[in-house]
Each structure stands twice: as C-alpha cells, then as structure tokens.
Amino acid sequence: MEPKLEPIDVPLVSDYFQNPNPNFSLNVPVVDANAAVETQRSDGNNDRSEFNGNLDSIEENDDVEFTDPDALALVQVPEQQELANVESSYRRKHPPRSAELVRVTNLEIEDERYFRELVRKTRILYDSLRINVMLDDERRRSLMPRVRARSDMKVASLMRDSGLWLNQDKRIVGPIPGIHVGDVFCYRMELCVLGIHGQIQAGIDYLSMKMSSNGEPIATSVIVSGGYEDDEDSGDVIVYTGHGGQDKNSRQVVHQKLEGGNLGMERSMHHEVEVRVVRGFKYKGGAGDKIYVYDGIYKITEYWFEIGKSGFGVYKFKLVRMEGQPEMGSAILKFAESIQANPLEARPVGYVSLDISRNNEKVPVFLFNDIDDNHEPMGYDYQVTTIFPPFVYHNVNGHGGGCDCVDGCTLDCACAKKNGGKFAYDLNRHLLRGKPLVIECGLFCSCPPNCCNRVSQKGVRNKFEVFRSMETGWGVRSLDLIQAGSFICEYTGVVLTKGQAQLFTMNGEDSLVYPSRFGERWAEWGDFSQVYSDDVRPSYPSIPPLEFAIDVSKVRNVACYMSHSPCPNVFVQLVMYDHSNYAFPHLMLFAMENIPPLRELSLDYGAADEWTEKLAICN
DNA sequence: GCGCCTTCATAACG
DNA sequence: CCGTTATGAAGGCG
C-alpha cells in the first residue's frame with residue numbers, strides 16, 4: 001500500500017500568526033509515520049549512496065542505509081517529542097527550531113496585506129536599529145580598534161531576544177507570506193530574522209533528520225551566492241552544488257557526501273517539496289559585499305554526482321523555477337543595470353524625456369511612458385528645491401547662528417546641540433531616527449561641505465524616472481537600489497501661507513499639497529520600543545503645527561508623482577538648513593525599506609482626500 | 001543536552 | 001583591489 005500526499009487543513013494558523021483576518025489555511029503534506037518505517041527496508045536504490053572515493057564503485061556501493069524513496073516527508077512532530085521540547089525550553093535561551101513543515105495556501109488579499117505589513121515593520125526595525133548600532137560600534141572601534149563590528153548579528157540577536165523573528169513556529173515550504181519576489185536584503189542575517197532562510201552561513205536550509213519523524217532531512221531553501229565553483233545559473237534553471245568537502249579557503253579538497261543538506265535536497269526532490277531561492281551577488285548600492293534577492297520557488301528536478309572542477313566529487317541539483325511567479329528580482333536588478341549603461345538600447349520605446357529636470361538635478365530624471373501618449377509632466381517647470389516666501393528667510397526665531405567647526409562637526413558643536421546632542425545621520429548619510437525636525441548644518445555654519453550633518457540639502461543622488469502605469473497613473477521608480485534610511489529627494493513646489501492657500505482654493509484650484517496631512521511615518525523609522533522597553537521617541541526639537549501649503553500647479557519635482565500607499569516605502573522627514581523659521585521646514589523624503597530598482601516608490605499622503613487622485617497601491 | 005563541527009558571512013588587514 | 005585571516009553564531013548531529 002502506497003502512502004499518498006494528502007493536503008490537510010491545520011486549524012491553528014490564525015492563533016499562530018495573530019492575524020485579525022485569517023481566511024487562509026495551511027496545507028500540510030503528511031504521511032503516517034508507521035507506514036514509512038515499515039517500508040524503510042528497501043531494495044537498495046544504490047545511486048544515492050555515499051561516494052567512497054572510487055568512481056567505479058559509485059554504482060555498486062550499497063552499504064549506506066536509506067529510507068525508502070517512496071516514504072513521504074513526515075511533518076508532524078511526535079507528541080512525546082513536543083512535550084519534551086516544552087519541558088526543556090524553560091532552560092534554553094532559545095527554543096529549538098520548529099519541526100513542522102507547512103505550506104501556506106489560500107491567502108486572501110487582506111491576509112497578504114497583513115503579512116506584508118508585518119514584514120515591513122520587521123524590516124524597518126531591523127534596518128533602522130542596525131544603522132544606530134553600527135554607528136555605536138564605529139565609535140567604539142575608534143577607541144578600541146580590536147573590537148569587531150557586526151551590527152547585523154547584534155541586531156538580529158536583540159530582535160530574537162525580544163521574540164521578533166518571524167516564522168519561527170513553523171517551517172514554511174514555498175513562499176513566505178509577506179515576502180515578495182524581488183525583495184532585496186543587504187545582510188544575510190535579515191533572511192534569518194524574517195524566516196526566509198534559517199542558516200546563518202550554510203547555503204542549504206533543511207529540516208534536520210533528527211527533527212523529521214521519519215529520519216529524512218527535507219530541504220526548504222537555498223542561497224545561490226557563488227560560493228561553489230561548480231554552480232551554473234541561467235536564471236530559470238540552476239545547477240546547484242551541494243555542500244561539504246571544502247577547506248577554510250573554500251577550495252574543494254575532498255569528495256562530498258550525500259548527507260545533511262545534500263540528502264535534504266535529494267529528499268525534497270523525491271517528495272516534490274519546492275525550495276525558495278535567494279541569490280546573493282555584488283551590486284552597486286549594496287551595503288556590504290553582497291546583496292540578497294528573493295527570486296521565488298524552484299522545483300528540484302534531478303540530481304547527480306560528478307567530478308567538479310577541483311577534481312573532487314560534488315553533488316549537483318538541478319533547480320527549475322516554477323511557473324506563475326512574478327519576474328525574477330535578480331533579473332530586474334540586472335535589467336536596471338543595463339538601462340543605466342545604455343537606456344535607449346535597453347528600452348527602445350517609451351522614453352519621453354531623458355531629463356525632465358533639464359539639468360537642474362545633479363542626476364537626470366527620466367520620463368517614461370510606454371502605455372499611452374500622455375506627456376503631461378513635460379508641462380511643468382522643474383523645481384529642485386522648495387520656494388519659500390521671502391519673509392521666511394528673515395531671522396524671526398533668532399536661531400540663525402550656525403556652528404564654527406572649521407575642521408568638521410563634532411558631537412559638542414552647536415548644531416549637534418540643536419538636534420538634541422546627536423547628529424541625524426550616520427557616516428553613510430543614512431537617517432538614524434525619524435524626528436519631528438532635523439536641523440542640518442547650513443548657510444551660517446563654518447563647517448566644510450562634506451560635513452556629516454549635510455545630507456538632504458545636497459539633493460538627489462539616485463537616478464529616478466517618472467513612469468506611466470495602468471494602476472497608479474504616474475508613478476516614480478529608481479534605477480538604483482536604494483538602501484533603507486537613504487535620502488531620496490525633497491517634495492518641492494511653491495510655498496503658500498495659510499491665507500494665500502485659502503485665496504488659491506477659492507479660485508477653484510486644487511493642486512495644493514498640505515504638509516500637515518502626510519502620515520507621521522517618520523515615527524516608524526527608529527521606533528525601538530519593541531526592543532528597548534524604556535526607549536522614548538525623539539520629540540526634540542519640537543515644532544509648531546504646519547499651516548502652509550505647497551502649490552504644485554506650475555513648478556514641481558519628481559516627488560509630486562509618487563503614489564499614495566497605506567504601506568509606503570518612503571516617508572517625510574522635516575528638515576531645516578537654509579533658514580531658521582521652524583514653521584516652514586523642508587519636506588525631505590527618505591527610504592523606509594530597501595527599495596529595489598524599478599519598484600514603485602510610495603508615500604502616505606494621509607487620509608484620502610480630493611487633493612490627491614493617487615490610487616492606493618501596496619507594493 | 002552539551003560540545004563539537006560545519007557553514008555559499010563579514011570586515012579588517014596586508 | 002585582491003587574497004587571507006580573525007571573529008562569529010546558529011543549527012545539525014554525535
């Protein structure tokens with residue numbers, strides 16, 4: 001009697017995910033453990049045996065024990081084992097990894113949104129905390145050079161201690177809710193935090209044979225990162241090399257064995273368990289050596305053993321990308337690179353303008369429309385920085401004095417004090433924490449232009465394009481990878497006082513943007529309350545309520561075309577630098593997440609109103 | 001459960 | 001800008 005793969009519904013999912021609206025179910029391939037044990041003594045499928053160093057003997061080698069190839073993946077934890085784990089978890093710092101394999105199915109749109117938001121919040125916390133911890137580490141290193149800075153690991157463990165790692169209670173097979181194809185991560189650790197790939201260094205993540213109730217390891221995800229010379233990657237098809245047999249310099253020095261992750265891959269192939277694929281590679285704009293991109297799920301279709309380039313035997317697994325998934329993230333990243341290299345060759349049709357800023361921005365801003373003949377953005381003058389009324393520049397608050405740090409600013413300078421004793425940015429020009437107001441060094445300061453407290457005033461650094469889309473009308477995307485915390489651009493236009501704005505609207509114009517209506521998303525960037533219970537949100541410097549409006553009817557910049565989203569990837573941070581009237585700050589936009597090239601940028605414009613026709617999108 | 005081993009990290013150093 | 005080295009932590013497994 002052959003056991004069958006039978007999907008079953010597990011009713012406890014809603015509690016596990018604490019989803020307010022759980023209409024989806026988990027689908028779990030399950031087999032009776034006893035059935036597997038009974039069929040375990042098989043007739044010896046010896047092509048899966050361990051290689052003993054002699055090529056000729058591969059075929060005959062039969063002395064390694066294997067479970068029956070027809071035994072299906074066991075996914076239920078035996079009850080005794082579960083109880084034992086509960087017992088021991090009182091002593092352990094961290095509970096053991098889950099032994100339960102589940103596949104998430106039937107996600108409703110509301111569920112998808114819920115998980116996307118959960119992932120977004122988690123990533124925002126990870127990235128903002130990492131930037132802050134990294135700066136602390138750099139300071140400590142300057143005093144004690146021996147200290148090694150691994151903020152990526154430190155933040156992961158802080159978040160783990162606070163129970164903030166996602167998807168730890170189950171091992172998810174296939175897509176992770178809230179993780180989209182094309183999402184980009186700058187640190188491998190983040191994949192652990194989100195539950196995409198649980199191995200901090202190893203390329204194959206698998207349910208261990210100890211956890212698996214039939215003793216078979218089951219692979220669930222791989223990272224293709226160029227660590228093995230025998231890999232071949234053509235995108236939809238990957239020939240992935242198994243692990244093992246390398247020395248500490250990553251040279252293949254002995255034959256690989258069919259065990260651990262390698263066996264897990266073979267078993268996943270057999271049971272038709274799909275694996276997630278994350279690619280790691282060098283990319284301009286990444287934080288460290290590599291970035292990591294989630295590229296979707298693949299099927300393992302065959303595996304074999306062969307002598308690799310080193311002369312030693314390696315296991316190889318052929319992975320084929322499954323149908324019906326969005327375009328590969330890594331392909332989009334490469335396409336963006338080719339656009340940068342030669343825009344017209346990469347996209348022969350669609351360009352309306354190669355720079356709507358007409359050389360006013362340091363980096364050109366493309367206008368791209370390949371769906372209709374609308375050229376509307378060409379009808380506006382491009383404005384790089386906001387035009388304030390002249391009286392704003394009069395020194396009404398008496399805060400005109402800048403710092404006199406000729407050799408660069410330090411933490412005891414006058415401008416640092418204005419910000420509450422800290423500068424707003426790290427050495428990579430990333431915003432440390434969202435605040436009511438950031439005061440950059442400016443016109444009245446003696447510090448050099450490369451002062452670390454001058455970021456947003458220096459303008460756009462990335463290549464943006466305004467593009468036409470079916471869903472959102474006009475939208476904005478970047479050709480560069482934008483790291484979380486990076487400055488994007490100002491939201492510019494002509495500032496009208498409250499009175500002027502009233503006159504303006506009486507004339508029937510509705511092209512005014514009210515800064516006070518933007519959602520206060522800055523508060524999410526650097527909200528550490530989940531990790532440090534005594535953490536207080538920065539409230540200094542405080543500012544009066546914003547009463548002005550921005551007129552974008554004649555002049556505007558790229559920001560004006562950003563779409564609205566309730567789960568935005570860009571937020572508004574108020575900044576001062578060229579005057580000292582706190583009632584009229586600049587609206588500066590920063591990235592809340594790592595934004596991959598060609599993904600639409602979105603802002604929270606506040607409550608839906610007639611002043612914006614932007615449609616809600618949820619990237 | 002403890003300790004050992006492996007691991008397609010990472011940054012710093014030369 | 002390489003290759004190497006030191007550090008590091010999680011998970012598998014004996």
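Below, chain A is the first sequence line, B the second, and so on; all start at residue 1.
Counting any heavy atom pair closer than 4.0 Å across all strands shown, A/Asp205 reaches no nucleic acid atom. Using a 4.0 Å heavy-atom distance criterion, A/Arg130 is classed as making no nucleic acid contact. Residue contacts for A/Phe281: at a heavy-atom cut-off of 4.0 Å it reaches no nucleic acid atom on any strand shown. Across all strands, A/Lys290 comes closer than 4.0 Å only to sugar-phosphate atoms, never to a base (heavy-atom distances). Here A/Ser250 lies out of heavy-atom contact (under 4.0 Å) with every strand.
A close approach under 4.0 Å does not occur between any side-chain nitrogen or oxygen of A/Thr241 and OP1 or OP2 of B/dC8. A sub-4.0 Å separation between OP1 or OP2 of B/dA11 and a side-chain N or O of A/Arg150 is absent. At the phosphate of C/dG11, neither OP1 nor OP2 sits under 4.0 Å from any side-chain N or O atom of A/Ser208.
In the model, A/His94 has no side-chain atom that pairs as donor or acceptor with a side-chain atom of A/Gln168 under 3.5 Å. There is no side-chain donor-acceptor pair under 3.5 Å between A/Asp137 and A/Ser151. For the 3.5 Å distance criterion, the side chains of A/Glu593 and A/Asn569 fail to qualify, holding no donor opposite an acceptor. A side-chain donor from one of A/Ser330 and A/Asp295 sits under 3.5 Å from a side-chain acceptor of the other.
The side chain of A/Arg160 sits closest to C/dA10 out of C/dA10, B/dC8, C/dC13. Comparing C/dG12, C/dA10, B/dC8 by their nearest atom to the side chain of A/Ser157 picks out C/dA10. Distance from the side chain of A/Tyr240 is smallest for B/dC8 among the nucleotides C/dG12, C/dA9, B/dC8. Of all nucleotides listed (B/dT10, C/dT5, C/dG12), C/dG12 comes nearest to the side chain of A/Tyr206.
Protein atom CD1 of A/Ile200 is 17 Å distant from nucleotide atom P of C/dT7, rounded to whole Å. Distance A/Asp137 CG to B/dT10 C1': 13 Å, rounded to the nearest Å. The distance between atom NZ of A/Lys154 and atom C1' of B/dA9, rounded to the nearest whole Å, is 16 Å. In this structure, the CE atom of A/Met211 is 9 Å from the P atom of C/dG11, given to the nearest Å. The CE-C1' distance, from A/Met153 to C/dA9, rounds to 6 Å in whole Å. If you measure from atom CG of A/Asn428 to atom P of B/dA11, you get 11 Å, rounded to the nearest angstrom. The interatomic distance linking A/Ile223 (CD1) with B/dT10 (C1') rounds to 14 Å, in whole Å. Counting to the nearest Å, the P atom of B/dC8 and the CD1 atom of A/Ile238 are 15 Å from each other.
Between A/Gly261 and A/Met189, the residue anchored closer to the 5' end of DNA chain C is A/Met189, taking for each the nucleotide with the nearest heavy atom. When each of A/Ala287 and A/Gly226 is assigned the nucleotide of DNA chain B with its nearest heavy atom, A/Gly226 is the one assigned upstream, toward the 5' end. In this structure, A/Gln246 and A/Asp289 both approach DNA chain B, and ranking their closest nucleotides by distance from the 5' end singles out A/Gln246. Each of A/Trp165 and A/Arg251 was matched to the nucleotide of DNA chain C holding its nearest heavy atom; the match closer to the 5' end belongs to A/Arg251.
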**OP:** Start with the C-alpha distance between A/Asp169 and A/Arg97, add both sets of side-chain angles, then the distance that settles salt bridge (charged side-chain N to carboxylate O under 4.0 Å, His left out), and finish with yes or no.
**Re:** CA-CA 8 Å; A/Asp169 297 15; A/Arg97 289 190 84 183; over 6 Å; no
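No N or O donor and acceptor, one from the side chain of A/Lys93 and one from the base of C/dG11, sit under 3.5 Å apart. For C/dG14, the base has a donor-acceptor partner in the side chain of A/Lys210 [N/O atoms by modelled type, under 3.5 angstrom].
Counting heavy atoms from C-beta outward, A/Val104 and A/Ile172 have side chains that approach closer than 4.5 Å.
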Collect all protein-nucleotide pairs involving nucleotides 12-14 of chain B in which both atoms are nitrogen or oxygen and the distance is under 3.5 Å.
{"unit_1": "B/dC13", "atom_1": "OP1", "unit_2": "A/Arg141", "atom_2": "NH2", "d": "3.4"}

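Checking each of A/Lys463, A/Lys284, A/Arg599 against A/Asp480 for a salt bridge (Lys or Arg N to Asp or Glu O under 4.0 Å) leaves exactly one that passes, namely A/Lys284. Applying salt bridge (Lys or Arg N to Asp or Glu O under 4.0 Å) to A/Asp233 and the options A/Arg321, A/Lys318, A/Arg279, A/Lys334 leaves one that passes, A/Arg279.
Using cut-offs of 30° and 60° for the angle between ring planes, the A/Phe305 and A/Tyr315 rings count as perpendicular.
In this structure, B/dG14 forms a base pair with C/dC2, meeting either the Watson-Crick or the G-U wobble geometry with both donor-acceptor distances under 3.5 Å.
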